[in-house]
A.B. asks: 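Pasting a structure here, questions to come.
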Number of protein chains: 2
Amino acid sequence: KSSAPKLPLYPLPPRSKPDNTVLTEDLKTPDNHVTRDPRLIRLTGTHPFNVEAPLSNLYDEGFLTTKDLHYVRNHGAVPRVEDSEIMDWEFTIEGMVNNPIRMTLADLMRDYEHQTYPITLVCAGNRRKEQNIVRKTKGFSWGAAGLSTSLWTGIAIGDLLKAAMPQHGARYVCFEGADKLPNGYYGTSIKLSWALDAERGVMLAHKMNGETLPPDHGKPLRVVIPGQIGGRSVKWLKRIIVTKEPSSNWYHIYDNRVLPTMIGPEISADLPETWKDERYAIYDLNTNSATCYPDHNEILDLRGSQSAYNVRGYAYAGGGKRITRVEVTLDKGKTWILADISYPEDQYRLASEGEILYGGRIDMSWRESCFCWCFWDLDIPIAQLQAADDIMVRAMDEAMMVQPRDMYWSVLGMMNNPWFRVVIHKESHKLRFEHPTQPALMPGGWMERVKKAGGNLTNGYWGEQLAGEAEVVT
Amino acid sequence: KSSAPKLPLYPLPPRSKPDNTVLTEDLKTPDNHVTRDPRLIRLTGTHPFNVEAPLSNLYDEGFLTTKDLHYVRNHGAVPRVEDSEIMDWEFTIEGMVNNPIRMTLADLMRDYEHQTYPITLVCAGNRRKEQNIVRKTKGFSWGAAGLSTSLWTGIAIGDLLKAAMPQHGARYVCFEGADKLPNGYYGTSIKLSWALDAERGVMLAHKMNGETLPPDHGKPLRVVIPGQIGGRSVKWLKRIIVTKEPSSNWYHIYDNRVLPTMIGPEISADLPETWKDERYAIYDLNTNSATCYPDHNEILDLRGSQSAYNVRGYAYAGGGKRITRVEVTLDKGKTWILADISYPEDQYRLASEGEILYGGRIDMSWRESCFCWCFWDLDIPIAQLQAADDIMVRAMDEAMMVQPRDMYWSVLGMMNNPWFRVVIHKESHKLRFEHPTQPALMPGGWMERVKKAGGNLTNGYWGEQLAGEAEVVT
């Protein structure tokens with residue numbers, strides 16, 4: 001018999017850095033109690049804290065992201081909760097319920113069954129910088145690292161809602177956090193039926209990668225909704241309100257929407273009914289992918305012995321759907337090559353029934369939904385890379401919806417998912433790769449370059465000059 | 001008090017023709033017992049019967065389609081079932097169930113609760129003719145009328161499955177029809193979890209628009225699956241088999257799949273593992289739309305007093321998702337105009353709880369899914385039409401996935417959903433409109449014309465000659 005410890009079949013999170021401190025730039029902000037990793041790229045100045053990791057760092061951490069590199073989207077100051085106060089954190093389930101509940105986190109931990117599974121959170125603004133270059137939106141410039149995956153532990157929100165007994169006619173669940181903002185507490189809603197559907201896996205989470213939630217991720221309690229945009233996963237959760245109508249919270253109406261593309265910043269201010277149209281509210285993520293390697297400005301020395309380069313990146317879909325294929329083109333979409341895909345998430349499905357991780361059941365074996373990103377890769381012979389102008393990637397989901405060639409611009413700049421294009425520059429004995437953009441105000445990327453050169457980024461050819469463009473002849 | 005009968009809030013089917021007969025061309029086929037409407041366009045010669053209505057006729061019938069014009073996809077001869085035999089029709093629920101069931105339609109009618117609601121069925125091949133013009137697929141040439149909507153009455157399949165008690169580890173439900181074909185009985189499968197989910201509305205139907213199922217639509221019993229391709233809604237149902245794995249039926253493996261685009265007809269024959277890859281099997285419909293008016297070859301006389309033309313058509317999405325916007329472009333996608341959308345399906349949601357139609361409860365008030373097509377329309381000033389080369393339409397679904405500019409060609413030619421393009425020809429005092437194709441072997445449409453003129457239909461510009469094409473300059 002071997003005495004070696006049995007390794008789990010599924011990935012565990014990489015070790016997070018033990019020595020994060022409060023950073024100098026945070027000392028003069030309300031977040032002067034929050035320790036952070038200096039590698040994170042700030043997207044909205046110093047404060048509030050909105051960050052993504054450098055894309056290659058994010059990819060290098062693998063399937064699971066540490067709290068150090070997990071993207072953060074804060075609308076204001078991080079509510080301060082001491083470790084000693086965690087168990088006394090109070091929250092309510094109220095509204096259209098026959099049994100309103102006020103409870104503490106200690107009650108929740110004691111009275112309900114806990115689950116642990118991996119969930120990829122994605123900001124609706126992921127890849128927004130590309131949109132901002134085409135035309136300025138009202139949103140700040142996310143690169144392609146506005147997503148992260150962790151093991152979340154908590155209780156199925158459906159269990160709690162059932163205990164509160166929703167009334168006939170109730171159709172929505174509103175969530176409200178403790179973060180007080182200019183337009184009130186942050187809040188939003190989802191459909192009650194989704195919250196009650198175990199397959200959808202909506203969770204009230206109190207642990208991230210096995211530890212108490214970090215302050216930036218909702219300490220001590222947050223909602224986590226697999227397959228939907230991060231903006232619905234309310235942090236620092238204080239109130240759960242069952243309602244007949246969607247949330248009327250300012251942030252539910254005026255954030256996380258994809259208005260029709262012809263609505264620009266000026267006219268959008270005069271269209272309250274358009275903002276309130278629930279058809280434009282984003283819930284499920286759309287299908288997306290990006291190339292992580294070659295990285296932006298990566299150099300490939302052609303004098304080496306390498307015969308192929310392993311191009312690789314991530315892909316995800318929404319609403320529990322699986323990515324069913326990822327394809328790469330080296331000739332601007334004329335022909336496509338099938339990439340390999342790995343789905344690390346599926347390894348958790350192999351855990352024994354009842355297996356516990358971080359105090360929660362790994363509740364995956366029966367689940368058919370995909371909650372996480374997957375990884376694609378493709379070996380491309382160097383000679384083919386040398387002959388190509390660019391590498392583009394697109395993913396398709398199980399409903400056979402494929403990422404489009406064209407960007408769908410909208411006033412808030414969200415859900416950007418056209419083919420991700422990396423340009424190949426030929427320099428003496430070298431190839432240099434250029435991503436579409438760099439996050440925040442960082443310069444670089446072919447979009448900025450092409451635009452400066454007068455290229456029309458929305459001509460269906462990435463702003464490359466078509467010989468005789470605008471003279472398309474019928 | 002008025003004695004006028006109370007009109008329902010929701011559409012009822014148009015009257016179907018009482019005088020359909022067995023058509024001359026069917027007399028020498030095994031279908032010589034089936035009455036049909038001569039307006040239907042045959043897509044595969046005389047037999048088997050695969051038909052769609054002329055697009056304008058389909059649209060003119062409105063939200064609900066009569067049996068006369070409902071599209072039909074038959075793989076072989078229609079099983080002959082006399083009216084007197086209907087109630088004795090036997091079928092089974094077997095496989096991984098603790099309580100296998102063999103029952104007759106009479107048993108089903110007596111022992112289970114019945115429901116009635118509208119469902120749009122769509123053939124996975126809808127709009128395939130467009131793909132066949134780009135490159136011949138293995139499938140026959142559907143136009144854009146390979147879809148129809150009826151009121152279906154039957155029982156929730158979940159009720160029956162629960163009675164059969166699926167065993168632990170069961171994950172799929174296979175269906176098998178009575179239509180014996182070269183490769184066995186027609187059969188396929190869906191996920192067991194979908195069949196058990198009331199929200200998905202999977203039905204065992206015995207009535208269509210209030211009447212016994214017509215022979216072409218599965219008389220006397222069929223599966224009807226909202227939001228999924230028609231190929232999963234097995235007709236002439238004989239067996240329901242609960243399994244651990246997806247169906248191994250020949251038609252499940254070698255039909256209704258979207259293989260990766262680079263797999264052509266020749267190599268596909270040597271790729272058994274690719275065919276068996278469930279990721280390529282189609283279940284949920286993808287998002288699609290088409291223009292019905294102006295019709296193909298419709299003439300608009302510019303000397304009339306009309307100041308605008310009401311362009312209009314249909315749109316649908318899959319998996320219960322709602323179409324959240326429809327947009328029209330008159331300048332090849334540079335700018336888009338928002339169309340109006342009507343959702344007649346929502347009127348059924350207003351029916352009183354417990355209201356009965358055709359012997360089934362109108363079970364819609366609590367349902368949040370969309371099971372049906374919707375209609376879009378847009379008034380376009382005549383001057384704008386005169387100035388434009390074409391009218392294109394695209395729809396977006398609630399997951400913010402939008403129809404793409406580019407066609408996704410695949411070897412079976414399925415799920416074709418690029419922007420639907422109607423070309424505008426300027427003739428003296430007239431505009432003439434040209435659809436992409438005409439169904440079956442019918443000539444006509446700009447795709448055929450452009451291709452014959454040497455245009456490359458996949459250049460991102462509908463094969464229009466780009467001045468200096470192929471000289472895209474980096």
A.B. asks: Using heavy-atom distances under 4.5 Å, tell me whether A/Arg367 contacts chain B through its side chain, its backbone, both, or neither.
C.D. replies: backbone
A.B. asks: Keeping A/Arg171 on the side-chain end and B/Trp366 on the backbone end, is there a donor-acceptor pair under 3.5 Å?
C.D. replies: yes
A.B. asks: Residues two or more places apart in sequence or in another chain: which of them pass salt bridge (Lys or Arg N to Asp or Glu O under 4.0 Å) with A/Asp255?
C.D. replies: none
A.B. asks: Go through the atoms of A/Leu285 and report whether side chain, backbone, both or neither lie under 4.5 Å from a heavy atom of chain B.
C.D. replies: backbone
A.B. asks: Tell me, yes or no, whether the heavy-atom count around A/Glu199 atom CD, taken from other residues, nucleotides or ligands under 6.0 Å, exceeds 12.
C.D. replies: yes
A.B. asks: Heavy-atom cut-off 4.5 Å, strictly under: side chain, backbone, both or neither for A/Ala281 against chain B?
C.D. replies: backbone
A.B. asks: Please flag which part of A/His425 lies under 4.5 Å from any non-hydrogen atom of chain B: side chain, backbone, both or neither.
C.D. replies: neither
A.B. asks: Whether the side chain of B/Arg279 engages the backbone of A/Asp397 through a donor-acceptor N/O pair (distance < 3.5 Å, no angle test) should be reported.
C.D. replies: no
A.B. asks: Can you say whether B/Leu259 sits under 4.5 Å from chain A via the side chain, the backbone, both, or neither, judging by heavy atoms?
C.D. replies: backbone
A.B. asks: Is the count of non-hydrogen atoms from other residues, nucleotides or ligands lying under 6.0 Å from A/Glu353 atom CD greater than 12?
C.D. replies: no
A.B. asks: First locate atom CG of A/Asn459, then atom NZ of B/Lys334, and finally report the distance between them rounded to the nearest 0.5 Å.
C.D. replies: 8.5 Å
A.B. asks: Kindly compute the distance separating CD (A/Glu368) from CG (B/Leu192), expressed to the nearest 0.5 Å.
C.D. replies: 8.0 Å
A.B. asks: With sequence neighbours excluded, what pairs up with A/Tyr172 under the ring pair (Phe, Tyr, Trp, His ring centres under 6.0 Å) test?
C.D. replies: none
A.B. asks: Mind ranking B/Trp336, B/Trp446, B/Trp462 by heavy-atom pairs under 4.5 Å with chain A and telling me who comes out on top?
C.D. replies: B/Trp336
A.B. asks: What distance do A/Thr324 atom OG1 and B/Asp277 atom CG have between them, rounded to the nearest 0.5 Å?
C.D. replies: 9.0 Å
A.B. asks: Pick one: which of B/Val258, B/Asn417, B/Thr287 meets side chain to side chain contact (heavy atoms under 4.5 Å, CB included) with A/Met400?
C.D. replies: B/Val258
A.B. asks: Of all of A/Pro260, A/Gly460, A/Pro404, which one pairs up most often with chain B through heavy atoms under 4.5 Å apart?
C.D. replies: A/Pro260
A.B. asks: List in chain and number order the residues that pass side chain to side chain contact (heavy atoms under 4.5 Å, CB included) with A/Leu350, two or more places apart in sequence or in another chain; answer none if no residue qualifies.
C.D. replies: A/Leu9
A.B. asks: Hey, which of A/Gln403, A/Arg322, A/Glu327 has the most heavy atom pairs under 4.5 Å with chain B?
C.D. replies: A/Glu327
A.B. asks: OG1 of A/Thr261 to CG of B/Leu338: how many Å apart, nearest 0.5 Å?
C.D. replies: 10.5 Å
A.B. asks: Against chain B, label A/Ile341 side chain, backbone, both or neither, depending on which of its atoms sit under 4.5 Å from a heavy atom there.
C.D. replies: side chain
A.B. asks: Looking only at heavy atoms, which of residues 407-415 of chain A get nearer than 4.5 Å to chain B?
C.D. replies: A/Tyr408, A/Met415
A.B. asks: Can you tell me which of A/Glu278, A/Arg394, A/Glu398 forms the most heavy-atom pairs within a distance under 4.5 Å of chain B?
C.D. replies: A/Arg394
A.B. asks: CE of A/Met262 to CD1 of B/Ile337: how many Å apart, nearest 0.5 Å?
C.D. replies: 8.0 Å
